[in-house]
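Got a structure here, written out as structure tokens. Questions coming.
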Amino acid sequence: DSWTIASQLAPDDSDLLVRIGDLLTRKSDRLDDALTAYGKALTIDPANMRVMISVGSIHERRQQWAEAAASYEAALAVDPNLLRARSSLGAVKFKMGDYPGASAALTKAIELSPNDLRSRVFFGLSQNHLGHYDVAIRELKEAVLIDPHSGNQLDRTSRGKRRGCLHSAH
């Protein structure tokens with residue numbers, strides 16, 4: 001197919017392989033091909049954080065949490081201040097049930113960007129699961145201040161996690 005031909009014409013062109021991978025991620029039935037393209041790009045440029053994040057995103061879409069976390073951690077090993085990798089790592093750790101790990105990653109993400117909605121929502125939910133209800137409520141209120149429509153984000157995020165309803169501290 002065309003992506004194979006393009007990668008054979010310029011097998012050492014990391015940028016082309018990344019663009020091919022980006023195009024292939026648009027189709028859910030081509031994620032294996034996207035991973036192959038990104039893998040080839042990483043062999044050429046092993047420190048390409050953008051590719052590491054893209055690989056993590058594919059694994060996250062597939063609910064392959066451990067693989068996603070490993071990809072985000074690899075990107076953070078190159079640059080610990082990558083907001084997208086830090087926030088995504090926190091979200092994945094939350095989905096894995098590692099609430100302390102999620103909180104640690106998301107605390108750093110919030111330090112990097114206090115108005116990052118995804119980080120605030122997952123941090124609030126992590127704090128709720130840890131029993132830190134005052135912090136959870138504060139963070140989720142902060143998310144609403146950042147984006148009044150963040151309730152939609154909260155609904156999408158907490159789907160399947162209903163058992164841990166928010167508790168208010170007494």
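Any value given below was found using the heavy atoms of this structure, including those in side chains, with hydrogens, waters and symmetry copies removed. Nothing fancy with the numbering, it's 1 onward along the sequence.
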Problem - Heavy-atom pair of closest approach, residues Ala37 and Ile20 - result: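 Looks like CB-CG2, 4.2 Å.
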
Problem - side-chain contact (heavy atoms from CB on, under 4.5 Å) assessment of Met52 paired with Val55 - result: CA-CA 5 Å; Met52 293 174 199; Val55 168; 5.8 Å; no

Practice task
Would you kindly say whether Asp116 and Ser119 are connected by a side-chain donor-acceptor distance under 3.5 Å?
Solution key: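 A donor-acceptor contact under 3.5 Å links the two side chains.
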
Problem - From Phe94 atom CZ to Asn128 atom CG, the distance as rounded to the nearest 0.5 Å - result: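 One finds 8.0 Å between CZ of Phe94 and CG of Asn128.
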
Practice task
For the pair Ser103 (side chain) and Tyr99 (backbone), establish whether a donor and an acceptor sit closer than 3.5 Å, ignoring hydrogens and angles.
Solution key: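 Side chain of Ser103 to backbone of Tyr99, a donor-acceptor pair under 3.5 Å: yes, one is there.
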
Exercise for the section: Report the distance from atom CG of Asp15 to atom CG of Asn48, rounding to the nearest 0.5 Å. Expected result: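 Between Asp15 CG and Asn48 CG, I get 8.0 Å after rounding to 0.5 Å.
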
Problem - N-O pairing of Glu60 and Lys95 below 4.0 Å - result: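 Yes, this pair counts.
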
Exercise for the section: Please report the C-alpha distance between Met96 and Val92 in whole Å, then the side-chain angles of each, then the deciding distance to 0.1 Å, and finally whether the side-chain contact (heavy atoms from CB on, under 4.5 Å) criterion is met. Expected result: CA-CA 6 Å; Met96 294 171 72; Val92 165; 3.9 Å; yes

Exercise for the section: Might you point out which heavy atoms bring His59 and Ser71 nearest each other, and give the distance in Å? Expected result: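 What the structure gives for the nearest pair is CD2-OG, 4.0 Å.
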
Practice task
Would you tell me whether Gln127 and Tyr133 have side-chain atoms, one donor and one acceptor, within less than 3.5 Å of each other?
Solution key: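 Result is no, nothing qualifies.
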
Problem - same_hphob_cluster(Tyr72, Leu83) at 4.5 Å side-chain heavy-atom cutoff - result: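 No, separate clusters.
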
Problem - Modelled atom types, side-chain donor and acceptor of Ser88 and Arg118, under 3.5 Å - result: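 Ser88 vs Arg118: donor-acceptor pair found between side chains.
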
Handout entry: Nearest non-hydrogen partners of Pro114 and Ile146, listed with the distance
Key =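 In terms of heavy atoms, the two residues are closest at O-CD1, 3.7 Å.
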
Handout entry: From Lys93 atom NZ to Leu106 atom CG, the distance as rounded to the nearest 0.5 Å
Key =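 Lys93 atom NZ to Leu106 atom CG measures 10.5 Å (nearest 0.5 Å).
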
Problem - Donor-acceptor contact below 3.5 Å, side chain Arg62 vs main chain Ser57 - result: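 It does not hold such a pair.
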
Problem - In one Ile/Leu/Val/Met/Phe/Trp/Tyr side-chain cluster, 4.5 Å: Leu31, Leu42 - result: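 Leu31 clusters together with Leu42.
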
Problem - Side-chain heavy-atom pair Arg61, Ser28 within 4.5 angstrom cut-off - result: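 Side chain of Arg61 against side chain of Ser28, heavy atoms only: contact under 4.5 Å found.
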
Problem - Single-linkage hydrophobic cluster, 4.5 Å side-chain cutoff, Leu35 and Trp65 together - result: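 Same cluster: Leu35 reaches Trp65 through Ile, Leu, Val, Met, Phe, Trp or Tyr contacts under 4.5 Å.
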
Handout entry: Asp134 CG to Glu139 CD distance, which is reported to the nearest 0.5 Å
Key =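 Interatomic distance, Asp134 CG to Glu139 CD, rounded to 0.5 Å: 11.5 Å.
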
Handout entry: Residue pair Leu140, Ile137: steps toward the side-chain contact (heavy atoms from CB on, under 4.5 Å) verdict
Key = CA-CA 5 Å; Leu140 295 173; Ile137 291 168; over 6 Å; no

Problem - N/O donor-acceptor pair under 3.5 Å between Thr36 side chain and Asp32 backbone - result: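 Side chain of Thr36 to backbone of Asp32, a donor-acceptor pair under 3.5 Å: yes, one is there.
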
Handout entry: Modelled atom types, side-chain donor and acceptor of Thr107 and Arg86, under 3.5 Å
Key =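 The answer is no; no qualifying pair exists.
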
Practice task
Can you measure from CG (Leu145) to CG (Leu117) and round to the nearest 0.5 angstrom?
Solution key: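 With rounding to 0.5 Å, CG (Leu145) is 11.0 Å from CG (Leu117).
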
Exercise for the section: Assess the side chains of Tyr38 and Asp22: does a donor N or O sit below 3.5 Å from an acceptor N or O? Expected result: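 There is such a pair between these side chains.
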
Exercise for the section: Inspect the contact between Asp13 and Lys40 and indicate whether a charged nitrogen and a carboxylate oxygen are less than 4.0 angstrom apart. Expected result: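 Looking at Lys40 and Asp13, the cut-off is not met.
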
Exercise for the section: Could you state whether Leu23 and Val18 fall into the same hydrophobic cluster, counting links through intermediate Ile, Leu, Val, Met, Phe, Trp or Tyr residues with side-chain heavy atoms under 4.5 angstrom apart? Expected result: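 No; tracing contacts between hydrophobic side chains, which count when under 4.5 Å, never links both residues.
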
Exercise for the section: Find out if a path of hydrophobic residues (ILVMFWY) with successive side-chain heavy-atom gaps under 4.5 Å connects Phe122 to Leu112. Expected result: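 They do not share one cluster, since no chain of ILVMFWY contacts under 4.5 Å joins Phe122 to Leu112.
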
Handout entry: For the student: nearest non-hydrogen atoms of Arg30 and Leu24, plus distance
Key =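 It is CB-O, 3.5 Å.
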
Exercise for the section: First locate atom CG of Asp98, then atom NE2 of His129, and finally report the distance between them rounded to the nearest 0.5 Å. Expected result: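 The NE2 atom of His129 is 12.5 Å from CG of Asp98, to the nearest 0.5 Å.
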
Practice task
Could you tell me whether a side-chain N or O of Arg120 sits under 3.5 Å from a main-chain N or O of Ile110, the two making a donor and an acceptor?
Solution key: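 Not at all, since once roles are kept as given, no pair shorter than 3.5 Å links the two residues.
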
Problem - Pairwise side-chain contact, Val51 with Asp45, heavy-atom cut-off 4.5 Å (strictly under) - result: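 Not touching, per the 4.5 Å side-chain cut-off.
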
Practice task
Please report the closest heavy-atom contact between Gly21 and Ala34, naming both atoms and the distance.
Solution key: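 Looking at all heavy atoms of both residues, the shortest contact is O-CB, 3.6 Å.
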
